There are 2 protein chains.
Amino acid sequence: MFFRSNGSTGLCYSCPNRHFRFCKSLLNGSSAEFDAHAVKNIAVIAKQYLYRQGDMNNELLVLREGWVMLTRVSDDGKRQVFRSVLPGELLGFQQHFHGPAIYSAIALVDSVLCKVPNSVEYYSTQPELALSLATSEACDKMLTEMYLGNITHRKARERIAFMALEIYHRLMLRGLNNEYTIQFPLKQEDIADTLGLTTIHVNRTLHAFRDEGVLQIHKHQLTILDYEVLYALAGSRFEFGPI
Amino acid sequence: MFFRSNGSTGLCYSCPNRHFRFCKSLLNGSSAEFDAHAVKNIAVIAKQYLYRQGDMNNELLVLREGWVMLTRVSDDGKRQVFRSVLPGELLGFQQHFHGPAIYSAIALVDSVLCKVPNSVEYYSTQPELALSLATSEACDKMLTEMYLGNITHRKARERIAFMALEIYHRLMLRGLNNEYTIQFPLKQEDIADTLGLTTIHVNRTLHAFRDEGVLQIHKHQLTILDYEVLYALAGSRFEFGPI
DNA sequence: TTAAAAACTTAACCTGGATTAATTTTTTTT
DNA sequence: AAAAAAAATTAATCCAGGTTAAGTTTTTAA
């Protein structure tokens, strides 16, 4: 299915994410406390912040549908985009359950999230779920390391190619692509702040990609026009990524 | 104590790391299987690889003493240094317990590591330990995110200042500093491959820092000469880091 | 102890991408 | 539908850091 419709809520049993990652562990678990019939859904509209850096409202969430972006503004006012959270992925776990958030989470499109248990006490009785938290963190870490490796030493064209292909790949694994087209709500400024480039240079490079028939972003849709060329530029780094 | 002597082995009860991170959880745990009297120590000499990217020997290790560096060589032959593993830190956990390693681990000085349990089955009965794995991964992730934020958009002087201060800070929390001096086994090339710079430019910048009385690296020792200036350059980003 | 290799250093030149400054197009709000 | 705000686009100039090419010093191996 392409571009799930927004606004769905309800049971885990009908959720497209139920076989993946944290949800899978949650539903397979033996906890009497977790009731898949009473999952609390949180609906947010586009541009709404789930929380901001420094906030203490530490909820643990799984994105059911939509798109969430994690950003942090540093002392000098520059903004770093850490990553996009895609459907099925966990959001909000950190070293200290009740410490301040180190980054902000913003919904880029209308989204639905599910609250999952978020206390040390709960996970202290659920080893498989605690292990699933560890796996989720390991996946995030790997993704961040991939971006670190991509940005360090590589040129603008390669960075952008990598990012496009990485996100395409991650959405494809969830069946959220339509051939070579995906939903893509990031602005050029978001790409720039992810990859350490200026908006102007992102614009120049995207324009060149379009002229060359490599990649096109139009009306919040990204289309891969020449997979081979993009793949060669990206360097297949995205393939060692997490599921 | 400054620069622990190498070669010590033995029980957890006398280990300086016993109150930190994963070791703490391991010793506080209720597992009959884990015997702190029979910890398997692994001694490696400088320049020895613990494992290489692609290897399947998936051991879970805690660095008892020494210094381990994580690196990955990509398709195009460029090397990315991901991070340094310092005493007390966990090493080797990944999404799939038995998948190939995505990076190599090399000891930069003579080091001692401790094997800790590494099976899904084990952690499936030890919720607190599984949660400690999750916390460890969250710390690594945060550190990687800090470096991502540092490298993206910032200039060479700031990147190097950040790295020096971050490593100094992390060692200081373990009591492994001597005033403003720390052991520092990284070569200029390692700094370059960590920060996305050339060796030549790292050399230029370090030289300038020495001339300006900011920072000095000599004979594998790093000395902070002007903490204030270094702190101003680094932008206090390292302070939100993990313990 | 000497030879070889690795690491560090310095200088000259060059380029990818930043900066600055508009303008146009699209989206959102009224 | 008009006004305002946000996002995308284009062009001109500039510089931080890359590249190339030698050195020199330090470390390691023979």
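Computed from a predicted structure; not experimentally measured. Chain letters run A, B, ... following the sequence lines, proteins first and then strands; every chain starts at 1.
A salt bridge does not link E145(A) with R72(B): every distance from a Lys NZ or Arg NE/NH1/NH2 to an Asp or Glu carboxylate oxygen is 4.0 Å or more. No salt bridge links E59(A) with K40(A); every basic N to acidic carboxylate O contact stays at or beyond 4.0 Å.
Taking 4.0 angstrom as the limit, T198(A) places a side-chain polar atom (N or O) nearer than this to OP1 or OP2 of dA18(C). For H207(B), a side-chain nitrogen or oxygen approaches OP1 or OP2 of dT10(C) to under 4.0 Å. Residue N203(A) has a polar side-chain atom (N or O) positioned under 4.0 Å from OP1 or OP2 of dT9(D). For Q188(A), a side-chain nitrogen or oxygen approaches OP1 or OP2 of dT9(D) to under 4.0 Å.
A cation-pi arrangement is not found for R159(B) relative to F162(B), the charged atom failing to lie both closer than 6.0 Å to the ring centre and inside a 45° cone about the ring normal.
One atom, CG of L197(A), and another, P of dT15(C), lie 20 Å apart when rounded to the nearest Å. Between the P atom of dT26(C) and the NZ atom of K219(A) lies a distance of 7 Å, rounded to the nearest Å. Straight-line distance from the NZ atom of K187(B) to the P atom of dT25(D): 20 Å, rounded to whole Å. The separation between E189(A) atom CD and dT26(C) atom C1' is 16 Å, rounded to whole Å. Rounded to whole Å, the distance from NZ on K155(B) to P on dG18(D) is 12 Å. Atom P of nucleotide dC8(C) and atom CG of D193(B) are separated by 12 Å, given to the nearest angstrom. Rounded to an integer number of Å, the gap from K78(B) NZ to dG18(D) P is 11 Å. Going from atom NE2 of H201(A) over to atom P of dA16(D) covers 17 Å, rounded to whole Å.
Panel note: side chain Q53(A), backbone V73(A); a donor-acceptor pair is recorded below 3.5 Å. Proximity of a side-chain donor or acceptor of D193(A) to a complementary backbone N or O of V81(A) within less than 3.5 Å is not detected.
Ring pair Y180(A)/Y168(A) is parallel by interplanar angle, where below 30° counts as parallel and above 60° as perpendicular.
Nearer to the 5' terminus of DNA chain D, by closest-nucleotide assignment, is the contact made by R157(B) (compared with the other of R157(B) and K47(B)). Between R204(B) and I200(A), the residue whose closest nucleotide on DNA chain C is further toward the 5' end is R204(B).
Across its full length, the helix from dT1(C)-dA30(D) to dT30(C)-dA1(D) shows an angle of 60° between the axes of its 5 terminal pairs at either end, rounded to 10 degrees.
If you check every strand for non-hydrogen atoms under 4.0 Å, R210(B) touches sugar and phosphate atoms only.
L230(B) pairs in a side chain to side chain contact (heavy atoms under 4.5 Å, CB included) with only one of the listed residues (L225(B), L165(B), I160(B)), which is L165(B).
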